[in-house]
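One structure is given here, and the rest of the page talks about it.
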Amino acid sequence: MDNENQLIHARKEKLGRLLEMGANPFPTKAERTHKIREIFDNTESFIDNKTTLDVVGRIRSLRKMGKASFCHIEDETGKIQIYIKRDDIGQEKYKIFKQCDLGDFVHVKGFVFYTQTNELSIHAEEFTFLAKAIRPLPVVKEKIEDGKKILYDQFADKELRYRKRYLDLLLNPEVKEIFKTRSKIIKMMREFLDARGYIEVETPILQPLYGGAAAQPFVTQHNKLDMELYLRIADELYLKRLIIGGFEKVYEVCKDFRNEGMDRTHNPEFTQIELYEAYADYNDIMDLVEDMLTGIAQEVCDTVKIPYDAHTIDLTKPWQRKPMLELIKEYAGIDIENSSMEELLAFCKEHEIELDVKNLGKIIDEIFKRFVEDNLIQPTFVIDYPKEISPLAKSKPENPQLVERFEIFIGGLELGNCFSELNDPIDQRERLENQAKQRELGDVEANEVDEDFLEAMEYGMPPTGGLGLGIDRIVMLFTNSHNIKDVILFPQMRPESHQD
RNA sequence: GGGCCAGUAACUCAGUGGUAGAGUAUCGCCCUUUUAAGGCGAGAGUCGAAGGUUCGAAUCCUUCCUGGCUCACCA
């Protein structure tokens, strides 16, 4: 290709030269006796004993000079400078070294010493190519001044960072930290639940009927069965079948899929942890959420008073538990229980709240979203939701219009949703049939009746507390990230060139 | 979906109607303790895309694409 990028062209030429010189630019085996971190941890003994080390890594900086050169190589544990001299490794090997570019993987055998400027380095005695990069990495330079790291030409284009996450991880170290934290959070959730006698299960992602949340699904096709299948929007109905089957504590770390808009808190595929505990109710689950998240905060952030955005969020237990209608009274100034339907509709009109369905539950939900959500910075369990918008939750004994449900808000983020699960099959059938009716009336997010699930419940289901926690948003909270894309390795993006 | 902003070399950016620029990176030469290495020299662009206005467009206009922020929507 004659119009090939000159940078790539130059690197391919070097590749050719390496082959001519008899060097293998892509050997199958790499020798490593020490990770870079270990060198910094054992410097004195390595220097005293003149220990010979085999170190591998990627070239991250390169200062080639006539007959001696410096570079930094980086492995997963850190970065170290290499000093490489022609007269030490021989003319042939030095020529091979000169074919190196930023981004190449190399092996160095040598001993540890301090340079004139007192930087711990490896004095190379042997050098081997491990892999040639033929595409140039974006150039980021750094300088240490007064102990502070100054970056020049930082790889900063958000679009490129999301599309080429491998470069983002390589060039912006704090990104790697976010994903290490994410891994740690999920691991801690598992440990927390395992210690309480939960077992981890897996349920279908491909479902003949979808349910367990109000959302639009992705649809796919099974060729041999010649039928449509849905990617799950929630795991709820399958996990409840397991409770019916006699498991008393189950959880699943699950990818769910919702065919809806994307914004700073929504990605079409996202990760939840759903858990169900027989003989528990929503109060027990509130305790569990408090314990789990404060434990994680202590471990991950080293404190339960964590910074988020402009706030300091205090996760000290107990967290406030406030009825939804009380919060609406507090922030919207309207007393739902003592207002007529006409008054509520007038209130909505006055505040330009549009309603596609005009039932009490929806109205409450809309007013809540408009006036309350953003104010819930400190941890708040919002409890007792309207029945119409909670078809899988058990009614409150003292007020059947409300259900035993909570959502947990922290930092203005809705992090999770929990019910005392409805286990009365007659009531459940009515609610699902009512949903199906709403669906026929045009509510695209209402589900169809899942007869198989209802049949399972008819065999008997114990009282159960169930919870779904949005892991992506929890990671946002604990890493002080403000866009869900920053906590998902490969967030959904439109193709770069897109035609209608 | 609405509003605002952005898209120029591999990266970071300048360039508001008159021959496409800088630093880094790259290539060549020099350089045996450098570290944003240095010195001298060189090459590198579909200025997001398509139309339009103009003698002349990176620049003005229209439409579109992509992204960011924000509002709305979304359990």
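In what follows, every chain begins at residue 1, and chains take the letters A, B, ... in the order their sequences are listed.
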### Message
For B:rC69 and A:Asn483 - does any side-chain N or O of the residue sit under 4.0 Å from the phosphate oxygens OP1/OP2?
### Response
yes
### Task
Let me know the distance between CZ of A:Phe70 and P of B:rC31, rounded to the nearest Å.
17 Å
### Query
Quantified in whole Å, what is the C1' atom distance between nucleotide B:rA57 and nucleotide B:rC4?
25 Å
### Message
Which nucleotide, if any, forms a Watson-Crick or G-U wobble pair with B:rA9, using both distances under 3.5 Å?
### Response
none
### Message
Need one value for A:Tyr162: base, sugar-phosphate or nothing, where a base atom within 4.0 Å counts as base even if backbone is also close, heavy atoms only.
### Response
sugar-phosphate
### Task
Using only heavy-atom distances, decide whether a donor-acceptor pair under 3.5 angstrom links the side-chain of A:Gln81 to the base of B:rU34.
yes
### Query
If you look at every strand shown and take non-hydrogen atoms under 4.0 Å, does A:Ser61 touch a base, only sugar-phosphate, or nothing?
nothing
### Query
Can you tell which of B:rC11, B:rU26, B:rA75 lies closest to the side chain of A:Pro138?
B:rC11
### With A:Arg37 via salt bridge (Lys or Arg N to Asp or Glu O under 4.0 Å) - residues at least two apart
A:Asp41
### Query
In whole Å, what is the span from the CZ atom of A:Arg264 to the P atom of B:rG67?
18 Å
#### Entry: Minimum-distance nucleotide (side-chain atoms of A:Ala10 versus B:rC74, B:rU66, B:rU26)
B:rU26
### Position toward the 5' end of RNA chain B (nearest nucleotide), A:Lys141 or A:Lys158
A:Lys141
### Message
Using OP1 and OP2 only, check whether a side-chain N or O of A:Lys485 sits under 4.0 Å from B:rG68.
### Response
yes
### Query
Looking across every strand, which nucleic acid part, if any, lies under 4.0 Å from A:Phe113 by heavy atom: base, sugar-phosphate, or nothing?
base
### Task
Would you mind classifying the nucleic acid contact of A:Glu414 as base, sugar-phosphate or nothing, using non-hydrogen atoms under 4.0 angstrom?
sugar-phosphate
### Task
Round to the nearest Å and state the distance from A:Leu102 atom CG to B:rU26 atom P.
6 Å
### Query
So does A:Asp157 reach the base of B:rG7 with its side chain, donor to acceptor, closer than 3.5 Å?
no
### Query
Contact class for A:Pro391 vs. all strands (heavy atom < 4.0 Å): base, sugar-phosphate, or nothing?
base
### Task
Kindly write out the residues that satisfy salt bridge (Lys or Arg N to Asp or Glu O under 4.0 Å) with A:Glu373, not counting sequence neighbours, or none if the list is empty.
none
### Query
Ignoring hydrogens and angles, are the base of B:rC73 and the side chain of A:Asp263 linked by a donor-acceptor pair under 3.5 Å?
yes
### Out of B:rU33, B:rA36, B:rC73, whichever nucleotide has its closest atom nearest the side chain of A:Tyr83
B:rU33
### Task
Tell me which nucleotide among B:rC11, B:rA36, B:rC74 gets nearest to the side chain of A:Lys143.
B:rA36
### Message
Is it the case that over 12 heavy atoms from other parts of the model lie below 6.0 angstrom from the NZ atom of A:Lys176?
### Response
yes
### Query
If we call it a pair only when both distances are under 3.5 Å in a Watson-Crick or G-U wobble match, what pairs with B:rG1?
B:rC71
### Query
What nucleotide among B:rA44, B:rC31, B:rU34 has an atom nearest to a side-chain atom of A:Gln6?
B:rA44
